[in-house]
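Just below is one structure, and these are the notes that go with it.
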Amino acid sequence: MQVHRDAVRDVGGTLTLNDGTAIPAVGLGTFGFTGDRGVGIVSGALVRGYRLLDTAVGYDTEREVGRAIRESEVPREDIVVTTKIRRRDHGYEAARRSVRESLYRLGVERIDLHLIHWPNPRLGRYVDTWRALVAARADGEIRSIGVSNFNADHLERIIDATGEVPAVNQIELHPHYPQEQARALHRRLGILTQGWSPLGLGRRALLAAAPVVAAAQRHGASPAQVVLRWHRQIGSVPIPRSSDAARQRENLALDHLQLSDQELEAIATLAGPGRRLWGGDPEVVEK
Ligand SMILES: NC(=O)c1ccc[n+]([C@@H]2O[C@H](COP(=O)([O-])OP(=O)(O)OC[C@H]3O[C@@H](n4cnc5c(N)ncnc54)[C@H](OP(=O)(O)O)[C@@H]3O)[C@@H](O)[C@H]2O)c1
């Protein structure tokens with residue numbers, strides 16, 4: 001495996017996007033964190049040091065994330081909140097409306113990072129949706145714009161149409177599905193890769209895999225820390241989800257850990273074709 005160490009500038013747990021803004025090296029996924037319980041989980045994560053929060057219209061967790069931000073003692077400008085546009089809001093006008101609705105639900109004046117959640121190629125409106133994000137950024141509603149689950153063709157189309165390169169592409173990424181080609185393309189284009197389901201949904205298939213457990217034992221770390229450190233060492237930003245205080249802390253405490261080239265190579269043997277978690281193929285998924 002080719003190990004890439006300088007895809008992005010990694011200074012003290014912060015990375016720099018192609019628009020010059022900073023983003024934390026690890027975030028918190030919020031899928032399923034709804035209601036008062038969800039607010040409590042996100043509030044706790046802010047206390048424990050999380051500064052990147054990943055929500056989406058489709059998760060129905062924007063209100064919870066917004067409330068946790070407002071009730072927190074962490075200065076608003078220290079928090080990067082990400083949300084995403086879903087299928088039914090594709091198209092220029094609908095996407096502009098979706099951004100405003102997200103601003104309202106989050107209760108913030110500006111969204112730090114706004115993504116197109118899936119390209120929905122059969123719907124065929126992702127270029128206009130991208131134009132809407134470019135315009136919303138120009139109007140000050142959004143700081144950074146990006147995409148999620150975009151493959152090479154989708155990226156090429158939006159860049160050709162607008163000249164605007166996404167700051168981020170958030171894709172399925174874990175040692176079973178390391179997306180070497182996509183990451184190489186992102187490096188060439190100056191796009192930061194974010195990894196969704198970075199812990200492989202916390203399943204044993206990944207966290208009990210021999211190379212992961214061996215590295216964890218060698219370093220006195222947990223298997224999840226080894227996997228998250230792998231993400232950082234390949235230049236990607238993982239957004240692990242945990243509802244548990246101890247695991248949230250564990251997932252953020254990665255600075256003491258440095259995987260060797262041999263350990264990275266052993267972890268690379270876990271990759272295999274078709275090892276997506278649930279078949280989230282951007283050419284096929286419509287949501
Ligand atoms: N853009 C997209 O299309 C897309 C798609 C999927 C997900 N996402 C985003 O990515 C985020 C993360 O992905 P995900 O939620 O699918 O899965 P994930 O983060 O890979 O795994 C979450 C699971 O791992 C467990 N876990 C967390 N930390 C652990 C640790 N240290 N040790 C053992 N188990 C641990 C959690 O359980 P506990 O809660 O009990 O700790 C939870 O069941 C989502 O929440 C969402 O924000 C984006």
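Atoms within a ligand are numbered from 1 in the order they appear, just like the ligands themselves. Basis for what follows: all heavy atoms, side chains included, without hydrogens, waters or symmetry-related copies.
In this structure, Phe33 does not count as a contact residue of ligand 1, since none of its heavy atoms falls inside 4.0 Å of the ligand. In this structure, Ser222 does not count as a contact residue of ligand 1, since none of its heavy atoms falls inside 4.0 Å of the ligand.
For ligand 1 and Ser242, the ligand atoms under 4.0 Å from any heavy atom of the residue are 27 (C), 28 (N), 38 (P), 39 (O), 41 (O). Listed by number with element, the atoms of ligand 1 under 4.0 angstrom from any heavy atom of Trp118 are 3 (O). Shown in contact with Gly29 at under 4.0 Å from a heavy atom are these atoms of ligand 1, numbered in order with element: 11 (C), 44 (C), 45 (O), 47 (O). The ligand atoms of ligand 1 that sit less than 4.0 angstrom from a heavy atom of Gly200 are 20 (O). Counting the atoms of ligand 1 from 1 in the order shown, those under 4.0 Å from a heavy atom of Pro240 are 19 (O). Using a 4.0 Å cut-off to heavy atoms of Phe31, the atoms of ligand 1 that qualify are 44 (C), 45 (O). Set against the non-hydrogen atoms of Ser243, the atoms of ligand 1 under 4.0 Å away are 38 (P), 39 (O), 40 (O), 41 (O). In the vicinity of His117, heavy-atom distances shorter than 4.0 Å reach the ligand 1 atoms 1 (N), 2 (C), 3 (O).
Phe150 has its ring centre no less than 6.0 Å from the ring centre of His186. Between Tyr126 and His90, the distance separating the two ring centers is not shorter than 6.0 angstrom.
Looking from atom 3 (O) of ligand 1 to the surrounding protein, the closest heavy atom is Asn149 ND2, 2.9 Å. Closest protein heavy atom to atom 46 (C) of ligand 1: Tyr59 OH, 3.4 Å. In terms of protein heavy-atom proximity, atom 15 (O) of ligand 1 is closest to Arg241 NE, 2.5 Å. Ranking the protein heavy atoms by distance from atom 21 (O) of ligand 1 puts Leu201 CA, 3.3 Å first. Distance from atom 10 (O) of ligand 1 to its nearest protein heavy atom, with residue and atom name: Ile239 CD1, 3.4 Å. Nearest protein heavy-atom neighbour of atom 6 (C) of ligand 1: Trp196 CE3, 3.2 Å. At the shortest separation from atom 28 (N) of ligand 1 among protein heavy atoms lies Asn251 ND2, 3.0 Å. Here the heavy atom of the protein found nearest to atom 47 (O) of ligand 1 is Asp54 OD2, 2.7 Å.
A salt bridge does not link Glu93 with Arg97: none of the charged nitrogens is closer than 4.0 Å to a carboxylate oxygen. Ion pairing of Arg131 with Asp128 is present here, as a side-chain N (NZ or NE/NH1/NH2) and a carboxylate O approach within less than 4.0 Å. By the 4.0 Å N-to-carboxylate-O rule, Asp112 lies close enough to Arg76 to be salt-bridged with it. Using a 4.0 Å cut-off between charged side-chain N and carboxylate O, Arg105 and Asp60 make no salt bridge. Under 4.0 Å is where a charged nitrogen must lie from a carboxylate oxygen, and between Glu141 and Arg110 no such pair does.
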### Task
Give the C-alpha distance, both sets of side-chain angles, the deciding distance and a yes or no for side-chain contact (heavy atoms from CB on, under 4.5 Å) between Ile171 and Thr193.
CA-CA 7 Å; Ile171 57 175; Thr193 308; 3.8 Å; yes

### Message
Applying side-chain contact (heavy atoms from CB on, under 4.5 Å) to Thr21 and Thr16, what does each step give before you reach the verdict?
### Response
CA-CA 6 Å; Thr21 66; Thr16 305; over 6 Å; no

### Message
Go through it in stages, so that I can follow the logic: the residues are His117 and Ile85, the test is side-chain contact (heavy atoms from CB on, under 4.5 Å), and I'd like the CA-CA distance, side-chain angles, deciding distance and then a yes or no.
### Response
CA-CA 5 Å; His117 206 149; Ile85 293 179; 5.8 Å; no

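Ligand 1 has an N or O atom lying under 3.5 Å from an N or O atom of Gln170, backbone or side chain.
The closest non-hydrogen atom to atom 14 (P) of ligand 1, taken over Ser197, Pro198, Gly195, Pro282, comes from Ser197. Residue nearest to atom 29 (C) of ligand 1, selected from Glu250, Gln248, Arg247: Arg247 (by heavy-atom distance). Considering Thr55, Leu199, Thr30, Leu28 only, the shortest heavy-atom separation from atom 26 (N) of ligand 1 involves Leu199.
Side-chain polar atoms of Thr55 and Glu62 form no donor-acceptor pair below 3.5 angstrom. Side chains of Arg229 and Gln233: a donor on one and an acceptor on the other come within 3.5 Å.
Between Leu46 and Leu53, some side-chain heavy-atom pair lies under the 4.5 Å cut-off.
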